[in-house]
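Because the structure is a prediction, the values reported are computed rather than measured. As a basis for the values below, the full set of heavy atoms in this structure was taken, side chains included, without hydrogen atoms, waters or symmetry mates. Letters A, B, ... are given to chains in the order of the sequence lines, protein chains preceding strands, and every chain is numbered from 1.
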Protein chains: 2
Amino acid sequence: MQSASVIQDTVLPWPSLPRTYDPRQAPHHPRDIPSALAPRVANKCIMRAFKRDQQIFAEGVVAEFSAQVVTGAVRMSTLLGDGRRQIDAFHLAGDFFGIESGREHRFSADAIVNTTIRIYRSSGLDWIPADGQFGGKAVFAALVQSLESAQDHALLLGKKCAREKVSTFILNLAERLATGNTIELPMSRMDIADYLGLTIETVSRSLTQLQRDGIIDLPCRRGAIVLKNRPALRRAANGNQGF
Amino acid sequence: MQSASVIQDTVLPWPSLPRTYDPRQAPHHPRDIPSALAPRVANKCIMRAFKRDQQIFAEGVVAEFSAQVVTGAVRMSTLLGDGRRQIDAFHLAGDFFGIESGREHRFSADAIVNTTIRIYRSSGLDWIPADGQFGGKAVFAALVQSLESAQDHALLLGKKCAREKVSTFILNLAERLATGNTIELPMSRMDIADYLGLTIETVSRSLTQLQRDGIIDLPCRRGAIVLKNRPALRRAANGNQGF
DNA sequence: CGATGGTTTGAGTGTTTTCAAAGAACGTGG
DNA sequence: CCACGTTCTTTGAAAACACTCAAACCATCG
């Protein structure tokens, strides 16, 4: 992902209107939630910081901005009518998000941890004919990456069992974070469950089982996982139970 | 989807090398299967007919072509190592498919029924700077549609139960085929099951249950479904059991 | 008309979910 | 710095749902 070629970078302080998002709270209509992306800058990009669990934009709001994670992590999610939540993707440092085809955002975006993002004006079809350092191919590439990721996600959700799902998830995160064998999970069990189509209990049980098998280690410190046996984890992710 | 603006349309006869795809056959490596897309035409598009179950291109082969369904239906699928098959999407008349970002196709494409497709030279990033009637925005739009469809699919696979999955599927197909209340399923129960992340038995049971509830009707003629109560079907697709 | 292959139905099993409670880490205030 | 309450996580037991195996059914095709 290209991260250079920025016209203007300004780090804004933590905004004052957090309004955190709680999934277990009574579900409200996305349109009721004001987008936190207030500043409108033409042809420039700004940096902005979001606190843990702060909403970046809501499902259903007009897509006027897209963004790139600089530090931290962002979760894209959507709600079904009865309150069930599906997490579509986690975006880590370097990832673009919020590129839409339609008028409105199809997912809510929330900062999972304290996060800084680079915000770009507008997002979508009007980017294609754009020339210059950030139009065209970069957007197309980001979009294609989203597509491939969504397709892989569908494969995981449709055809894999709990152990395979969790293994695949850990492996993928380890590769993207690239911090050696110890990975710091930015997200909670609830987030992982909603991403993998499982319950928090099943996620927890799968992790415990992987630990019992000596494939990973779960230190006391919450939100950390140590990879003990990467080949075995890779096999677990693809369905080979034993070897 | 735009279907106009075609430089040259030539209908080729049924090709002579069918080599049909059987999912229950011993899984072979995709790369071993020759792509049926032999003809190479520069900047033109040709029409070509494929028989029921004939492969259009294989997962893993170099993506030199993309295509648009003219009549019939195409299924995009991928195989896991142990033979499990996931169907990513069904493409109906008008849909584009085979647009890839990387060098190789990520999915196999097969004609579900006798199908004619329009084949375009190349597919992917090199299409973006293209000007003219078929470059740029049309490809971008097709890609975006694939993305949204993949995201919806992930939501379905991750958060919905069997009855909801099957209801959603029927509803979606009815809207896309737009043939009133009677829809002719081009695909088998096996295909539906692999698309919805279920088994054929569960698909069958869900259909029977929807019929018993008076929401749909399953005529004797195989592969047909009659929608009796669309609002109820819509509710069933979104989780409301009773009303 | 009989053979074939896809579909439906049935019974039993297994994995995941649900419900419930205990356990452990983190933040706050004393 | 420790104690406490809160929240997240883990564990357990029972139930639900979808799966597996198996057989019957019935369109379609030769």
Side-chain angles (χ1 to χ4, degrees), chain A residues 20-25 51-53 82-85 112-114 156-167 184-212 216-225 236 239 241, chain B residues 20 22-25 51-53 82-85 112-114 156-167 169 184-212 216-225 236 239 241:
Chain A
T20 56
Y21 168 75
D22 181 358
R24 282 172 312 290
Q25 194 175 301
K51 282 187 180 166
R52 184 173 194 277
D53 277 329
D82 56 357
R84 283 177 289 184
R85 183 183 69 159
I112 304 176
V113 292
N114 288 350
L156 175 146
L157 291 170
K159 281 282 170 300
K160 294 193 174 183
C161 67
R163 184 189 167 94
E164 293 169 349
K165 284 177 175 178
V166 172
S167 300
E184 297 288 330
L185 296 181
M187 69 287 290
S188 67
R189 296 283 185 273
M190 183 66 144
D191 287 334
I192 299 174
D194 284 345
Y195 178 73
L196 296 177
L198 300 170
T199 59
I200 51 172
E201 293 94 334
T202 303
V203 170
S204 182
R205 276 185 251 269
S206 300
L207 287 171
T208 306
Q209 199 197 341
L210 287 171
Q211 182 180 31
R212 228 179 278 130
I216 62 170
D217 195 42
L218 301 168
C220 308
R221 191 167 77 276
R222 241 197 297 141
I225 295 181
Q241 295 292 340
Chain B
T20 56
D22 180 359
R24 281 171 313 292
Q25 196 177 298
K51 283 187 180 169
R52 182 172 195 278
D53 277 330
D82 55 359
R84 283 177 288 184
R85 183 182 69 157
I112 302 176
V113 292
N114 289 349
L156 175 147
L157 291 170
K159 279 282 167 301
K160 294 192 173 184
C161 67
R163 183 189 168 94
E164 293 169 350
K165 284 178 176 178
V166 172
S167 300
F169 176 73
E184 298 288 331
L185 297 180
M187 68 288 288
S188 66
R189 295 283 185 273
M190 184 67 145
D191 287 335
I192 300 174
D194 283 346
Y195 178 74
L196 296 178
L198 300 169
T199 59
I200 51 173
E201 294 95 333
T202 302
V203 171
S204 182
R205 274 185 252 269
S206 300
L207 286 171
T208 306
Q209 199 197 341
L210 288 172
Q211 182 180 31
R212 227 179 279 130
I216 62 170
D217 194 42
L218 301 167
C220 308
R221 192 168 78 275
R222 245 203 290 143
I225 294 180
Q241 295 293 337

(request) Quickly, which of B:Ser206, B:Cys161, B:Ser204 forms a side-chain contact (heavy atoms from CB on, under 4.5 Å) with B:Val166? Name it, please. (result) B:Ser206

(request) Supply the atom-to-atom distance A:Arg205 CZ to A:Ile200 CD1, rounded to the nearest 0.5 angstrom. (result) 10.0 Å

(request) Whole angstrom is fine here: how far is it from NZ in A:Lys159 over to P in C:dT15? (result) 18 Å

(request) Kindly point out which of C:dT7, D:dT11, D:dT10 is positioned nearest to the side chain of B:Ser204? (result) C:dT7

(request) Mind checking the NZ-CG spacing from A:Lys159 to B:Asp194? Nearest 0.5 Å is all I need. (result) 4.5 Å

(request) Find the distance A:Leu207:CG to D:dT10:P and express it as a whole number of Å. (result) 6 Å

(message) Is any side-chain heavy atom of B:Leu218 closer than 4.5 Å to one of B:Ile225?
(response) yes

(request) Determine, for nucleotides 18-30 of chain D in 5'-to-3' order, which nucleotides have protein heavy atoms under 4.0 Å from the base (write B), from only the sugar-phosphate (write S), or from neither (write -). (result) SSBB-----SS--

(message) Need the bend value for the helix from C:dC1-D:dG30 to C:dG30-D:dC1: angle between end axes, 5 pairs each end, nearest 10°.
(response) 40°

(request) In whole angstrom, give the distance that lies between atom CD1 of A:Ile112 and atom P of D:dC8. (result) 14 Å

(request) Would you indicate whether the side-chain heavy atoms of B:Glu184 and B:Arg221 approach each other to under 4.5 Å? (result) yes

(request) Calculate the interatomic distance between A:Leu185 atom CG and D:dT10 atom P; express it in whole Å. (result) 10 Å

(request) Quickly work out the A:Leu196 CG to C:dT15 P distance and round it to whole Å. (result) 19 Å

(message) With a 4.5 Å cut-off on side-chain heavy atoms, are A:Lys165 and A:Val203 touching?
(response) no

(message) Rounding to an integer number of Å, can you tell me how far A:Gln211 CD sits from C:dA24 P?
(response) 13 Å

(message) Could you check whether any side-chain heavy atom of A:Leu196 comes within less than 4.5 Å of a side-chain heavy atom of A:Glu164, counting everything from C-beta outward?
(response) no

(request) Enter the distance from B:Ile192:CD1 to B:Arg189:CZ here, rounded to the nearest 0.5 Å. (result) 5.5 Å

(request) Could you tell me the separation between the CD atom of B:Gln209 and the P atom of C:dG10, rounded to a whole number of Å? (result) 13 Å

(message) Could you check whether any side-chain heavy atom of B:Gln211 comes within less than 4.5 Å of a side-chain heavy atom of B:Asp217, counting everything from C-beta outward?
(response) yes

(request) Quickly work out the B:Leu218 CG to C:dT9 C1' distance and round it to whole Å. (result) 14 Å

